[in-house]
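From a predicted model like this one, the values you see are computed outputs, not experimental measurements. Order of the sequence lines sets the chain letters (A, B, ...), proteins ahead of strands, with each chain counted from 1.
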There are 2 protein chains.
Amino acid sequence: MVTMSDVAKLSGVSKMTVSNVINGRAGVSEPVRRRVMEAIRQSGYRVNVSARTLRSGRTGVIGLAVPEIDRPYFGQLAAHVIAQAAQHGFHVSIEQTGAAAAGEMDAIAHSHTLHFDGLILSAVELDRADPRLADAGYPIVMLGEQDFGAKFDHVAMPNEEGTKAATAHLIDRGCRRIALVTGSGLDGVNVVTRRYRGYLAALAEHGLSADPALFFAIDGMTMDSGRDAGRRLADSGGGIDGVVAVTDTVAQGVLRGLADRGVRVPDDVRLIGFDDIPESEFMVPSLSTVAPDHRWMAAKAVELLINRIHAPLRQAGEHIAPFTLVIRESTR
Amino acid sequence: MVTMSDVAKLSGVSKMTVSNVINGRAGVSEPVRRRVMEAIRQSGYRVNVSARTLRSGRTGVIGLAVPEIDRPYFGQLAAHVIAQAAQHGFHVSIEQTGAAAAGEMDAIAHSHTLHFDGLILSAVELDRADPRLADAGYPIVMLGEQDFGAKFDHVAMPNEEGTKAATAHLIDRGCRRIALVTGSGLDGVNVVTRRYRGYLAALAEHGLSADPALFFAIDGMTMDSGRDAGRRLADSGGGIDGVVAVTDTVAQGVLRGLADRGVRVPDDVRLIGFDDIPESEFMVPSLSTVAPDHRWMAAKAVELLINRIHAPLRQAGEHIAPFTLVIRESTR
DNA sequence: TTGTAAGCGTTATCAC
DNA sequence: GTGATAACGCTTACAA
């Protein structure tokens with residue numbers, strides 16, 4: 001392995017001068033700089049990041065912890081975060097938490113080991129009271145889901161507003177018996193409860209009542225559980241004419257479950273999702289959905305994190321993403 | 001920051017003994033080991049990976065370079081690779097190459113900087129002749145696409161065999177005018193040409209001719225270009241009764257493009273894809289497809305890479321993944 | 001503008 | 001079994 005000393009020897013200067021050239025520091029004469037660059041090129045020298053990190057304490061890597069990278073929403077999120085971080089000269093390392101609280105704490109403990117400069121945590125289940133969160137050793141930004149009070153910067157989805165708009169849209173289209181397909185946990189403050197509140201708010205505003213028979217609980221935010229809910233929904237015979245699904249992924253499952261039972265969308269039932277994943281436009285029928293500005297969210301999270309890396313003591317804040325309602329065939 | 005020296009002082013032993021305890025090396029008496037463990041617990045000590053890496057030369061991180069992490073296939077691949085690597089005590093860092101050859105070389109140069117122990121490269125465009133590949137400084141395993149000759153371990157898709165089986169299946173179902181929707185580059189040895197050969201082989205074997213009018217070229221492996229191809233296909237009026245799409249993602253676009261034109265699947269046209277992404281089961285209609293064993297591929301790639309990390313000089317080989325044909329509604 | 005010296009936290013070596 | 005010492009490759013602080 002070729003080191004800085006080798007380059008120094010080759011170009012007839014000291015290690016320090018080589019370091020200065022590499023890091024673009026001022027105070028190196030042009031001839032020397034050229035000699036050094038040439039020596040670097042010739043020798044094929046590469047900086048040893050471990051040594052630099054050991055000395056400087058900065059890794060240039062930020063962690064992104066997501067439940068499962070193979071769900072479209074998180075894949076898309078990761079792509080945006082990687083792009084944004086690159087613009088600031090940071091790399092991204094992805095950790096899968098497996099949607100379990102234990103895994104999420106692992107990501108933090110682990111990344112401690114891996115020496116991230118900071119962590120973006122797209123949390124679903126993590127208990128907000130966990131004390132270990134406080135002393136992770138580096139800044140953390142929460143993205144997209146949980147509310148952890150004032151301790152962390154938090155980039156939030158327009159959960160309540162978005163779901164309210166989606167529900168209101170179905171009502172506008174003439175739906176009167178509108179089902180909600182969502183997670184079962186209605187305690188605490190999280191995606192599920194926030195979106196539930198938005199659903200209720202829209203119903204109330206239009207003088208509709210919230211029938212418990214219209215509430216379809218599912219186990220995870222997966223296509224599979226969505227399909228199951230779609231079938232139950234079709235079998236319920238409750239005259240349901242509209243469905244709000246908690247995410248597009250779940251909506252895709254619902255769509256499939258309804259198709260399994262011969263229920264047509266939007267003819268028999270209208271359906272709307274949340275997230276605007278890339279697939280939504282291509283489903284048959286294409287899926288109407290709440291489209292948060294994902295790029296904005298990724299940019300915001302990276303910006304907040306990098307700010308905090310440079311200035312650890314700042315007031316944390318919540319930032320709610322803007323959204324639009326994308327109307328497609330499923331609610332025509 | 002609490003270091004190994006602190007733990008040593010706290011437990012009244014030397015740094016070296018602490019190191020031995022942490023790394024589970026033999027030759028530490030039980031009482032001492034317990035004292036050290038307790039000191040670690042009390043102090044909240046964490047290993048500094050940079051220092052360890054600097055000294056040992058191992059990072060414990062393997063890179064995974066994929067064109068775009070937000071495409072379902074690569075998301076799924078990443079999930080499997082992460083899981084497999086974890087079983088061997090390795091972490092995974094994901095690099096996006098943006099499907100361009102330049103980006104793929106970047107991933108290599110870059111990860112040099114990042115000090116991976118090895119790299120799994122899911123290459124699409126990378127020119128096999130690029131000399132920089134040879135001296136990346138760590139082992140590389142090619143996964144899923146390109147063929148780079150005998151220089152690298154290579155875990156390959158059953159491109160030819162799978163596409164042949166898919167085409168034969170359509171013929172079995174009674175299709176006689178079978179279109180192929182695939183990338184335009186028919187030169188070189190890559191996914192596109194290999195799958196094309198499989199398609200031709202099946203036609204030939206059943207006495208059907210390859211009509212150029214049945215060849216629909218697309219620009220990238222995206223849903224968007226698939227949709228476009230689906231529309232052109234519907235508008236072509238060539239009596240097409242079957243479609244082989246180069247990937248499921250493209251097939252999803254084709255499905256949508258056909259729906260745009262009111263063409264019914266499978267009633268008017270039968271459609272089959274390649275990859276068996278999670279979405280395929282949930283499309284309407286659900287998509288028949290060639291299902292390579294993704295888990296097998298990830299496991300093989302990780303295994304080959306780790307073998308090579310431990311024994312750099314071994315004969316490279318090609319390993320073709322097993323596959324099954326999954327028959328769903330789109331070819332019923 | 002350039003060079004010297006010290007040390008970041010860990011592990012390999014070899015002595016005890 | 002346990003410990004002292006010397007690296008690993010780089011950057012910070014300071015001297016020339």
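E38(B) and R35(B) are not joined by a salt bridge, as no carboxylate oxygen comes within less than 4.0 angstrom of a charged side-chain nitrogen.
Shown here are the side-chain hydrogen bond (donor to acceptor under 3.5 Å, both in side chains) partners of R52(A), two or more places apart in sequence or in another chain: N23(A). Looking at residues two or more places apart in sequence or on another chain, you find a side-chain hydrogen bond (donor to acceptor under 3.5 Å, both in side chains) between R25(B) and S19(B), N20(B). Every salt bridge (Lys or Arg N to Asp or Glu O under 4.0 Å) that R34(A) has, sequence neighbours left out, goes to E30(A). For D117(B), the side-chain hydrogen bond (donor to acceptor under 3.5 Å, both in side chains) partners two or more places apart in sequence, or in a different chain, are T59(B).
Side-chain contact check for V36(A) versus I22(A): every heavy-atom pair is 4.5 Å or farther apart.
Of all heavy-atom pairs between D275(A) and P292(A), the closest is O-CD, 3.6 Å.
For DNA chain C, the outermost nucleotides in 5' to 3' order that have an atom under 4.0 Å from a heavy atom of chain A are dT1(C) to dG9(C).
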Heavy-atom contacts, protein to nucleotides 8-16 of chain D, under 4.0 Å, summarised as B (base), S (sugar-phosphate only) or - (none) per nt, yield BBBBBB---
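Phosphate proximity of dT2(D) to T17(B): absent, as no side-chain N or O sits under 4.0 Å from OP1 or OP2.
Within a 6.0 Å sphere centred on CE of M37(A), other residues, nucleotides and ligands contribute 12 heavy atoms or fewer.
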